[in-house]
Amino acid sequence: MILDNLRNAARYTSLHPLLKQAFDYLASLDSATLEPGKHILAEDRLIVAVNDSTLKPISKARLEIHDEFLDIHLPLSATERFAWKSRDDLQTPSEPFNRDKDAQHYDDAPETFFEAAPGSFVIFFPEDAHAGCIGEGSIRKIVVKVRCSNE
């Protein structure tokens with residue numbers, strides 16, 4: 001997992017060939033005119049979702065994992081609280097892995113919590129179990145899905 005400010009994103013572009021394109025796109029956005037929904041930057045490899053979401057209490061947060069994609073979370077309108085735990089330490093799946101959604105949820109307690117303010121981003125890799133949208137009120141945020149394999 002990586003937590004940093006968007007102005008430092010260039011430090012991480014060498015980690016994956018699509019991260020430069022993802023961060024260039026994020027840096028170019030005008031959040032005032034940004035339309036909610038899914039935006040495809042590279043078919044089945046780089047997908048941007050702009051979401052208006054209601055934040056939830058910690059008790060409703062479920063840890064999530066992915067096999068094929070890493071996530072970049074970028075809160076736009078409010079500070080977002082996240083939960084994290086190493087995937088290797090998970091023990092209690094709440095459902096089978098959904099290949100179509102590249103996701104599985106767990107009922108395990110998180111190991112740690114942290115916050116990301118607007119202008120910050122979080123990268124969750126497949127080894128990072130994570131839950132976002134924790135807090136009160138609502139949030140506009142972006143989640144970028146980046147395919148991990150180079151197929």
Side-chain angles (χ1 to χ4, degrees), residues 1-9 11-13 15-16 18-19 21-23 25-27 29 31-32 34-42 44-149:
M1 181 202 77
I2 296 170
L3 168 64
D4 204 343
N5 192 286
L6 194 55
R7 68 179 168 262
N8 298 324
R11 293 180 180 172
Y12 307 103
T13 58
L15 296 175
H16 188 285
L18 292 173
L19 285 179
Q21 185 179 353
F23 283 125
Y25 177 80
L26 292 174
L29 293 176
S31 60
L34 194 58
E35 290 294 322
K38 188 186 282 189
H39 309 275
I40 308 295
L41 299 183
D44 197 40
R45 294 173 41 87
L46 193 55
I47 303 156
V48 177
V50 179
N51 302 315
D52 292 317
S53 300
T54 301
L55 299 174
K56 59 187 169 273
I58 291 171
S59 62
K60 299 284 185 189
R62 291 188 311 154
L63 293 168
E64 177 181 68
I65 60 165
H66 308 292
D67 284 346
E68 298 294 322
F69 288 86
L70 63 85
D71 286 353
I72 304 170
H73 290 247
L74 180 74
L76 297 174
S77 66
T79 296
E80 181 175 8
R81 191 166 194 204
F82 291 91
W84 178 90
K85 186 172 190 169
S86 173
R87 181 179 185 154
D88 291 341
D89 296 333
L90 295 173
Q91 297 180 7
T92 315
S94 58
E95 63 200 24
F97 194 90
N98 184 325
R99 294 275 169 227
D100 292 334
K101 293 184 178 183
D102 186 43
Q104 184 176 23
H105 291 96
Y106 282 77
D107 292 329
D108 295 56
E111 181 178 312
T112 192
F113 294 91
F114 63 93
E115 293 182 345
S120 298
F121 68 89
V122 183
I123 300 176
F124 293 110
F125 296 93
E127 59 269 18
D128 298 312
H130 59 281
C133 288
I134 300 170
E136 295 180 3
S138 60
I139 190 169
R140 174 167 277 198
K141 68 179 285 184
I142 296 173
V143 177
V144 181
K145 308 288 283 178
V146 180
R147 182 170 290 282
C148 293
S149 65

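Between P93 and Q104, the closest heavy-atom pair is CB-NE2, 3.4 Å. For the residue pair C148 and P126, the shortest heavy atom distance occurs at SG-CG, 3.6 Å. The minimum heavy-atom distance linking A131 with I134 is given by the pair O-CD1, 3.9 Å. Across all non-hydrogen atoms, the minimal contact from A116 to V122 is CB-CG2, 4.0 Å.
For residues 104-120, the salt bridge (charged side-chain N to carboxylate O under 4.0 Å, His left out) pairs, not counting sequence neighbours, are K85-D108. Here salt bridge (charged side-chain N to carboxylate O under 4.0 Å, His left out) pairs that include residues 126-135, with residues two or more places apart or in two chains, number zero. Sorted by first and then second residue, the ring pair (Phe, Tyr, Trp, His ring centres under 6.0 Å) pairs with a member in residues 90-117 read F82-F114; sequence neighbours excluded.
Within the 4.5 Å cutoff, the side chain of L41 has no heavy atoms near those of the L18 side chain. Using a 4.5 Å cut-off on side-chain heavy atoms (C-beta onward), L76 and L29 make no contact. Counting heavy atoms from C-beta on, the side chains of L15 and L70 never come closer than 4.5 Å.
A side chain to side chain contact (heavy atoms under 4.5 Å, CB included) with I123 is found for one member of D4, L3, I2 and no other, namely I2.
For D67, the side-chain hydrogen bond (donor to acceptor under 3.5 Å, both in side chains) test picks out R87, R99, with sequence neighbours left out. Listed by chain and number, the residues in a ring pair (Phe, Tyr, Trp, His ring centres under 6.0 Å) with F69 amount to none (sequence neighbours excluded). Not counting sequence neighbours, the partners of D44 by the salt bridge (Lys or Arg N to Asp or Glu O under 4.0 Å) test are R147. By the salt bridge (Lys or Arg N to Asp or Glu O under 4.0 Å) test, R62 is found to be paired with E95, residues two or more places apart in sequence or in another chain being considered. D71 meets the salt bridge (Lys or Arg N to Asp or Glu O under 4.0 Å) test with K145; sequence neighbours excluded. R140 is linked by a side-chain hydrogen bond (donor to acceptor under 3.5 Å, both in side chains) to D52, counting only residues two or more places apart in sequence or in another chain. The side-chain contact (heavy atoms from CB on, under 4.5 Å) search around P57 returns S59, K60, not counting sequence neighbours. Scanning for side-chain contact (heavy atoms from CB on, under 4.5 Å) contacts around D88 gives S86, with sequence neighbours left out. With sequence neighbours excluded, the residues satisfying side-chain contact (heavy atoms from CB on, under 4.5 Å) with A49 are N51.
Interatomic distance, CD of E80 versus CD1 of I139, reported as 4.0 Å (0.5 Å rounding). One finds the CE atom of M1 at 7.5 Å from the OG1 atom of T112 (value rounded to the nearest 0.5 Å).
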Between V50 and E35, is a side chain to side chain contact (heavy atoms under 4.5 Å, CB included) present by the stated rule, with each step listed? CA-CA 7 Å; V50 179; E35 290 294 322; over 6 Å; no

Please determine whether side chain to side chain contact (heavy atoms under 4.5 Å, CB included) holds for the pair I58 and R81, giving the CA-CA distance in whole Å, both sets of side-chain angles, and the decisive distance to 0.1 Å. CA-CA 9 Å; I58 291 171; R81 191 166 194 204; 3.0 Å; yes

Step by step, work out the side chain to side chain contact (heavy atoms under 4.5 Å, CB included) result for K141 and C133. CA-CA 9 Å; K141 68 179 285 184; C133 288; 3.8 Å; yes

Between L74 and V144, is the side chain to side chain contact (heavy atoms under 4.5 Å, CB included) condition met? List the steps. CA-CA 8 Å; L74 180 74; V144 181; over 6 Å; no

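Residues H66 and E64 have side chains that bring a donor and an acceptor to within less than 3.5 angstrom of each other.
Checked against the 6.0 Å centroid threshold, F121 and F23 count as a close aromatic pair.
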